[in-house]
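Here is the structure we will look at.
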Amino acid sequence: MRYISTNGASRPVGFGEAVMNGMPEDGGLYVPETMPALDPGTLSSLSSYDFHRLSFEVIAPFVDGEIPEAELSLMIAEAFDFALPVVPVGSGIRGLELFHGPTCAFKDFGARFMARILAHFARVSGREVTIVTATSGDTGSAVAQAFHGVAGVRVFVLYPAGRVSPVQEAQLATLGGNISSFEVDGSFDDCQRLVKASFADADIQKALALSSANSINIARLVPQAAYFADAVRQLVVSGQVSIAHEPAGGRGFAATPEIVVAVPSGNFGDLTAGLYARALGIPISRFIAATNVNDTVPRYLETGTYSPKPSVRTIANAMDVGAPSNFARILHLFGGDVGAIRSVVSGFAFTDEELRGAIAEAFRTTGYVLDPHGAAGYLALRRLGVGEKGSLGLFVETAHPAKFRETVEPIIGRAVDLPEVLKASLGLPKLSRPLANDIGAFKRVLLVK
Ligand SMILES: *Cc1c(COP(=O)(O)O)cnc(C)c1O
């Protein structure tokens, strides 16, 4: 398996090099040169798998032998050591809860897997790796927690001052050791620009082996495909869905009822991973890109014109992204053809009021407490009328509602208990430092010995 750049001007590399580089030199993103396919035997016997074995089947083709199989299996089991239940949230709608990891958001999957992958390649190559990562809150927490204490890896986390929740800040700014965090005087997009500028800087490139832990790193993305596969496996095991070879003319397996997956999206890593799972053969009919008012992708799907905008603050702050970095990967996957993308992906964008309304409605009618991000996925499925149309809607619940309890509690009129893991970090002293929104300032910090 070789990885090429979406910009097409960098040399193809293997998995390890793609992970270590983070981004190709031409400023594009690494994508698989050809998409692998799951063994039909795996698809026809999904119910005989467990989460870890199925994850191995999904992930191994992307690693393509660069890590010994037994070691890769162990990494998967260690990284994914928490549950991911599919739960009913009203008729015809299911939620895939991805918030049972240490930072209570789905990014734990990618970050914990990547930490192990990077530690492996750092050890093999004998190089210390410096990770720079921009976060709107959850990436930074997941990455900081996943890499804390990992030998051979230093981490710099940049986050927008005043725009992450208190719990997120407690998780990303209190660790110390090999983790340094910086409060940037700017937006998430500014943080992301600083990260990109650091990759483009010749002095930094010369001094450090830089990598990124954003979803632009292929080692973050690939493991996320595994939970889409597992959601389908769970639906099969519980008898809610059956899968069979498509009738003549079809190319693979199809699910009955058909499965529509709504993905609350910001940088579109999660949705890209879902599309990779589908490309591998996992029978998901359609995806919905559900956003807040940062609607760059839904607008693109509607108009066919891609015009990123500066990000706007919303109550679903992990999706406050105006120029989603994984869009290039989605475009590449569909050969740049908006019609082809539309045949698989629909877009919905929601205002804060609509998201609040969805949290209230879901709580009133089902007792389920949504977080503001999952609310976008849930609401998209409601608007689509999935249950009534004979399809099964699955939304990705990307974070525990307690992470956004300042928003959620007044809506449902009830307290949301903080999970123990989050409680533990709240009392710790903040160690992050302020940073000007300026590559010169960031460079000085990075190059300090
Ligand atoms: C990061 C995040 C998202 C957006 O995920 P992308 O992969 O960037 O699209 C959605 N919800 C939560 C809670 C997140 O942390």
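For ligands, and for the atoms within them, numbers begin at 1 and follow the listed sequence. Values reported hereafter were calculated over all heavy atoms of this structure, with side chains retained and with hydrogens, waters and symmetry mates removed. Predicted, not measured: the structure shown is a model, and the values here were computed from it.
In terms of polar-atom proximity, defined here as any N/O pair under 3.5 Å, Ser265 makes no such contact with ligand 1. By the 3.5 Å distance cut-off applied to N or O atoms, Asp270 is counted among the residues near ligand 1. On a distance-only criterion, Gly269 and ligand 1 share at least one N/O pair closer than 3.5 Å. In terms of N/O distances under 3.5 Å, ligand 1 is not approached by Asp371. For ligand 1, the polar-atom distance check against Phe268 finds a nitrogen or oxygen pair separated by under 3.5 Å.
Taking only non-hydrogen atoms, the option from Arg220, Gln168, Lys107 nearest to atom 14 (C) of ligand 1 is Lys107.
Tested against Phe327 for a ring pair (Phe, Tyr, Trp, His ring centres under 6.0 Å), the candidates Phe268, Tyr300, Phe334 yield a single pass: Tyr300. Among Phe109, Phe82, Tyr276, the single residue meeting the ring pair (Phe, Tyr, Trp, His ring centres under 6.0 Å) criterion with Tyr227 is Phe109.
If you number the atoms of ligand 1 from 1 as listed, the ones under 4.0 Å from a heavy atom of Ala399 come out as 13 (C). Per-residue contacts place Pro264 under 4.0 angstrom from the following atoms of ligand 1 (heavy atoms of the residue considered): 4 (C), 10 (C). Residue Gly266 approaches ligand 1 through these ligand atoms, each under 4.0 Å from one of its heavy atoms: 4 (C), 6 (P), 8 (O), 9 (O).
Ring geometry for Phe113 against Phe80 counts as tilted: the plane angle lies between 30° and 60°, on a 0 to 90° scale.
Taking the charged nitrogens against the carboxylate oxygens, Asp190 and Arg193 do have a contact shorter than 4.0 Å, which makes a salt bridge.
In this structure a side-chain-to-backbone donor-acceptor pair under 3.5 Å is missing from Gln145 to Ala142.
At least one heavy atom of Phe106 sits closer than 4.0 Å to an atom of ligand 1.
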Open item on the list: Is there a salt bridge (Lys or Arg N to Asp or Glu O under 4.0 Å) between Arg299 and Asp295? Walk through the geometry before answering.
Closed with: CA-CA 6 Å; Arg299 267 189 301 116; Asp295 62 350; 3.0 Å; yes
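Under the side-chain hydrogen bond (donor to acceptor under 3.5 Å, both in side chains) criterion, the residue pairs touching residues 362-377 are Glu97-Tyr368, Asp371-His373, with sequence neighbours excluded.
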